[in-house]
Protein chains: 2
Amino acid sequence: MNLKEFSHHIGLSPTTVSRALNGYPEVSERTRRKVLESAERLGYTPNSRAARLATGRAMTIGHILPLSKEHEMVNPIFSDFIAGAGEQYSKSGYDLSLSVVRDEDEAEAYRDLATRGVVDGAVIHGPKIDDPRIRLLQEIDLPFVVHGRSSRVDGEYNWVDVNNRRAFWRATDFLLDLGHRRIGLINGLDGMDFATRRLNGYGDALAARGIARDPELVFSGEMTENYGFATTMQMLRSPKPPTAILVSSIIPAMGARRALHDLGIGLGDEVSVVIHDDDLSYFRNEGDVPIFTATRSSVREAGRLCADILLDSIRGAQDECRHVLLEADLTVGQSTGPAPAMRHLLDRDRTEVLRRP
Amino acid sequence: MNLKEFSHHIGLSPTTVSRALNGYPEVSERTRRKVLESAERLGYTPNSRAARLATGRAMTIGHILPLSKEHEMVNPIFSDFIAGAGEQYSKSGYDLSLSVVRDEDEAEAYRDLATRGVVDGAVIHGPKIDDPRIRLLQEIDLPFVVHGRSSRVDGEYNWVDVNNRRAFWRATDFLLDLGHRRIGLINGLDGMDFATRRLNGYGDALAARGIARDPELVFSGEMTENYGFATTMQMLRSPKPPTAILVSSIIPAMGARRALHDLGIGLGDEVSVVIHDDDLSYFRNEGDVPIFTATRSSVREAGRLCADILLDSIRGAQDECRHVLLEADLTVGQSTGPAPAMRHLLDRDRTEVLRRP
DNA sequence: TTCATCGTTCAAAGCGGTTTCAAGTTCTGC
DNA sequence: GCAGAACTTGAAACCGCTTTGAACGATGAA
């Protein structure tokens, strides 16, 4: 049933019915009640396709999920973020459009969503340093919000980010306080803005204590379990293994733990591990004393915040760009402890284990 | 720029331009080339909102992500499935609409998508036994495909499923062949169709060898890391611990591994583990010899298949319902081995470790 | 009583495409 | 050279809703 039929059916004009359903004030209460009731009874729901054309609003937010040919990986953080954002969209009557594209087509995909008029706004995920997507969306004048930030981009834009630099500074400092001097860093992909900030936090904390950064102890890559395993193995088998490791996500941290176990090295006593925990729903780092000492920041909450900001900006409620910087407090878990005396790791038997092929 | 302006600009009627862009045959090649070229040059892209109203097609597929209040978990399988399906949608010019709703609102959400006319079809995720969503979509006559199947639903429908029963039968049989007699099962949530089939495969394999199923060894729950940890702990600390465990996903398997390590029990020698591996992109069970012995079936591939079937069915290319049953072959990894003689586990020192609080 | 005002309601003109149907043009075959 | 088929093109209706501008009756002020 369409508006014409429905309105005819209840003896009113399409105009009045439309107004009644959309909450316009010039409809009398009696009429509105009648319309709402009849719509319910007769099962009339306005066709969104028509409404979207008529209003010029798509009532939809675009998210783009880029997959690269080589490492076609879905960022595990994506789903939790989407869950948070989607929740807010639903509340405001917005739909969420998700485009899966090859990463070289990503810019084109944003442009396409905008020119085809299927979205009113978009979210940028995983910004790189000097990310071109930001400039693009500014250019085509599509409202957007960035989950993260992008260094070296000029012009204002909405963003929600974790204070990555401070979190990693704090985590590093914590390990230094425990007496660790050789601290490894298993970071995200090079070029990602968040990875750079984390690296800086780590490096600056070391520098503040006059400790040189050892490039052998810093890794960047996609945050898979295997990546955490391989990098941890490599570090611990090296001539000068670290006594502590910072890991950028709980997923590679699983791999790091596996490596430690495989080598028979105690997690938390012989080698300490601090992770950044995005509070993924299916991977909770919980318990009275969490498994991992961690800097935590819920990515789902970030999704909610991004959605709210974007919707505000679309509705024109916000004139200025909004920035939210989330602090990630350090929670001490079971994976950290005082640095062991170096001789533990230099003990003959142990080194043999560490250096086996 | 809209169609009217554009067509006027290049001296043709809107009709011809529309036809040229949509590949209708009654346009001369010369004209079509001219239109395509000019569109490119002048940057004209048809407004999808208008096209959707005019054609009556939404060119969009709906996915619904239900979140429950208590255990608001995003199924980790979801993102990989979406990645696979979304890839296919893009290729066919379809968009993907994702609705995040509270799970009690899920049925309403499907109905809403259909009556508002924002989708042409939908995917049902994680079907339960006798799933009401299937009947609903049949009733409102919205094309759909189920990722999984639903026992006890009558009527035909499209589905893509893994042969869960056979996979778990096979895995159980494999462990039995290795001499294991007490085999635990860490399964998905009760009521989920896939979990039931897996339980049946496991139970039937045991029964075929005349082994009684011990309810103390069977668990069902949401497949988090902690769930795998807790259930494994419980089993291994029980008076009659299993010598092997089947785990329904790699995520709880991480927890199971953690439990084994914490108890100092060797994975693959003292206790064997077989998992079902959905081949999640950020959690690959790979290597020359995979870490886990596993029945594997790519959920991303399932997503692609579902998308293809659904699109076919929407385009009316398919008259009959299609069913795809994917076989999950067993790959032997490092996590399984012959059952140890029972005395190992009954050794005095060991049991003390196992039974500590 | 009359005129301005207010509160309601409606007719009709969009929104920007697609598609039907008619018409004009160019080819054939005879 | 001409009728009829085969190609191309275009005018106008239509998709189902929103919104502008006008109309109408009721109310209140003059």
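The analysis underlying the following values was restricted to heavy atoms, covering all of them including side chains, and did not include hydrogens, waters or symmetry mates. To find a chain, count down the sequence lines: A is the first, B the second, and so on, and within it residues start at 1.
As judged by a 4.0 angstrom heavy-atom cut-off over every strand, A:Tyr44 is placed among residues touching the sugar-phosphate backbone only. Within the nucleic acid shown, B:Thr31 comes within 4.0 Å of sugar-phosphate atoms alone, with no base atom in reach, counting heavy atoms only. Nucleic acid contact for B:Arg49: none, since no nucleic acid atom lies under 4.0 Å from a heavy atom of the residue. Within the nucleic acid shown, A:Thr55 comes within 4.0 Å of sugar-phosphate atoms alone, with no base atom in reach, counting heavy atoms only. Across all strands shown, A:Ser28 has heavy atoms under 4.0 Å from sugar-phosphate atoms exclusively, and none from any base. Here B:Phe6 lies out of heavy-atom contact (under 4.0 Å) with every strand.
Chain A approaches DNA chain D within less than 4.0 angstrom (heavy atoms of the protein), and the contacting nucleotides run 5' to 3' from D:dG16 to D:dG21.
For the helix from C:dT1-D:dA30 to C:dC30-D:dG1, the angle separating the two terminal helix axes comes to 50°, with each axis derived from five pairs and the value rounded to 10°.
Counting to the nearest Å, the P atom of C:dC15 and the CG atom of B:Asn47 are 12 Å from each other. Atoms CZ (A:Arg32) and P (C:dG7) sit 14 Å apart, rounded to a whole Å. In this structure, B:Leu53 atom CG and C:dC15 atom P are separated by 14 Å, rounded to whole Å. Rounded to an integer number of Å, the gap from OH of A:Tyr24 to P of C:dT8 is 17 Å.
Side-chain contact check for B:Ser281 and B:Asp80: at least one donor-acceptor pair (N or O, by modelled atom type) lies under 3.5 Å. One side chain, B:Asp193 or B:Ser151, offers a donor N or O that lies under 3.5 Å from an acceptor on the other. Under 3.5 Å, the side chains of A:Thr16 and A:Ser13 contain a donor-acceptor pair of N or O atoms.
Contact annotation: A:Ser13 side-chain N/O to C:dC10 OP1/OP2 distance is under 4.0 Å. Note on A:Thr16: a side-chain N or O is less than 4.0 Å away from OP1 or OP2 of C:dC10. Distances shown here put every side-chain N or O of B:Asn2 at or beyond 4.0 Å from the OP1 or OP2 atom of C:dG17.
Aromatic pair B:His147/B:Phe194: ring centres not closer than 6.0 Å. Close placement of the A:Phe6 and A:Tyr44 rings is indicated, their centers lying within 6.0 Å of each other.
Taking the six-membered ring where the residue is Trp, A:Phe78 and A:His125 present tilted rings, their angle falling between 30° and 60°.
When the nearest nucleotides of DNA chain D are assigned to A:Lys4 and B:Leu12 by heavy-atom distance, the more 5′-ward of the two goes with B:Leu12.
You'll find that the side chain of B:Arg19 is closest to C:dC21, out of C:dC10, C:dC21, C:dG17.
The number of heavy atoms from other shown groups lying within 6.0 Å of CD (B:Glu29) is above 12. Residue A:His9 qualifies as open at atom NE2: its count of foreign heavy atoms under 6.0 Å is 12 or below. Within a 6.0 Å sphere centred on NE2 of A:His8, other residues, nucleotides and ligands contribute 12 heavy atoms or fewer.
For the atom pair OG of A:Ser48 and CZ of A:Arg57, the computed distance is 12.0 Å after rounding to the nearest 0.5 Å.
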